[in-house]
Amino acid sequence: MKIGVLAVQGAFIEHERIIQELGYECIELRSKSDLQEIDGIILPGGESTVQGKLLRELDLFDSLKEKIASGIPVLATCAGLILLSEEIENDDNRYFGTLPVTVRRNAYGRQLGSFETTQHLEGFGSFPMTFIRAPYIVSVRDGVNVLGTVDDKIVAVQYQNQIGLAFHPELGGDDRIHRYFVELVEEWKASK
Ligand code: GLN
C-alpha cells in the first residue's frame, strides 16, 4: 500500500515521517506519473495559492482532481483543506472542489495567527491541534460529518473518504489521525 504525499510546497515531510513510521511507503507527488500506484493521498499545509499555481504548472491539477473524485481516501490539512473545498469565502480561486464545505482562509486574524489547543475530536477524544494561519470551515453541506470545533468554528470534517482538517495533525505528536487515515486506505483498497 502506497500513500501519495503532495510535495510541491509546504509541510509534507512530517506527514511522510509519520506514515513511514506506521509501516507504509510514501510517494512524493510532483508529476502525473506519480499518481499511478497510490492508494491514498495526503494534501499538506502550506500556501494554497502557491500549491494551486504549481499544480497547474506541473500539469498535475486535472489528474489529481480526477483521482480524488474517484473516491480515493484523502487526508487534507490546512492549505490542503482549502484545495479540497467547494467554496472559499474570501478568495476567488477554486481548486478541486470535491469537499462540499465553505472555508474562510487565514480566518483567525493576525493576533491569533498561530496557536495550539487541545479539543475534543469525534471518534478520538482529546486531540492536540496546532493552527498556523489556518482556515476554518464556515458551513457544510449534506453528507459532511463534523468531527471537531474550536470556539464554535468547525475545524475537522469527514465527507466520504475525504478528511479535512484546519489544523496540523502532523505537528502535535499524536499519530491517531494518520492511523485512522491508513485504515480508511486499507478498507478502500480491499473494496476495489
Ligand atoms: N494560510 C494558508 C493558506 O491560506 C494556509 C496555512 C497552512 O497551511 N498552515 O493557504
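Here the structure is a predicted model, which means the values were calculated and not measured. Just the heavy atoms: all of them, side chains too, but no hydrogens, waters or symmetry mates, feed the values below. Just so you know, ligand 1 is whichever comes first in the structure, and atom 1 is the first atom listed for that ligand.
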Salt-bridge test for Arg179 and Glu183: reply yes if a basic N is under 4.0 Å from a carboxylate O, no otherwise. no
Once ring pair (Phe, Tyr, Trp, His ring centres under 6.0 Å) is applied, what residue pairs with a partner in residues 9-42 remain, sequence neighbours excluded? His15-His178
In short, salt bridge (charged side-chain N to carboxylate O under 4.0 Å, His left out) pairs touching residues 96-105 with sequence neighbours left out are Glu47-Arg105, Glu89-Arg104, Asp91-Arg105
Would you please test Arg176 and Asp174 for salt bridge (Lys or Arg N to Asp or Glu O under 4.0 Å) and show each step? CA-CA 6 Å; Arg176 285 178 295 156; Asp174 188 325; 2.8 Å; yes
For ligand 1, output the ligand-protein N/O contacts shorter than 3.5 angstrom; if there are none, return none.
residue: ligand 1; atom: 1 (N); partner: Asn106; partner atom: OD1; Å: 2.6
residue: ligand 1; atom: 1 (N); partner: Arg133; partner atom: O; Å: 2.9
residue: ligand 1; atom: 4 (O); partner: Arg105; partner atom: NE; Å: 2.7
residue: ligand 1; atom: 4 (O); partner: Arg105; partner atom: NH2; Å: 2.9
residue: ligand 1; atom: 8 (O); partner: Gly46; partner atom: N; Å: 2.8
residue: ligand 1; atom: 8 (O); partner: Gly46; partner atom: O; Å: 3.0
residue: ligand 1; atom: 8 (O); partner: Ala79; partner atom: N; Å: 3.0
residue: ligand 1; atom: 9 (N); partner: Ile132; partner atom: O; Å: 2.9
residue: ligand 1; atom: 9 (N); partner: His168; partner atom: NE2; Å: 2.9
residue: ligand 1; atom: 10 (O); partner: Ser48; partner atom: N; Å: 2.7
residue: ligand 1; atom: 10 (O); partner: Ser48; partner atom: OG; Å: 2.7

Could you state the interatomic distance from CD1 (Ile41) to CG (Leu6), rounded to the nearest 0.5 Å? 9.0 Å
What residues form a side-chain hydrogen bond (donor to acceptor under 3.5 Å, both in side chains) with Glu66, not counting sequence neighbours? none
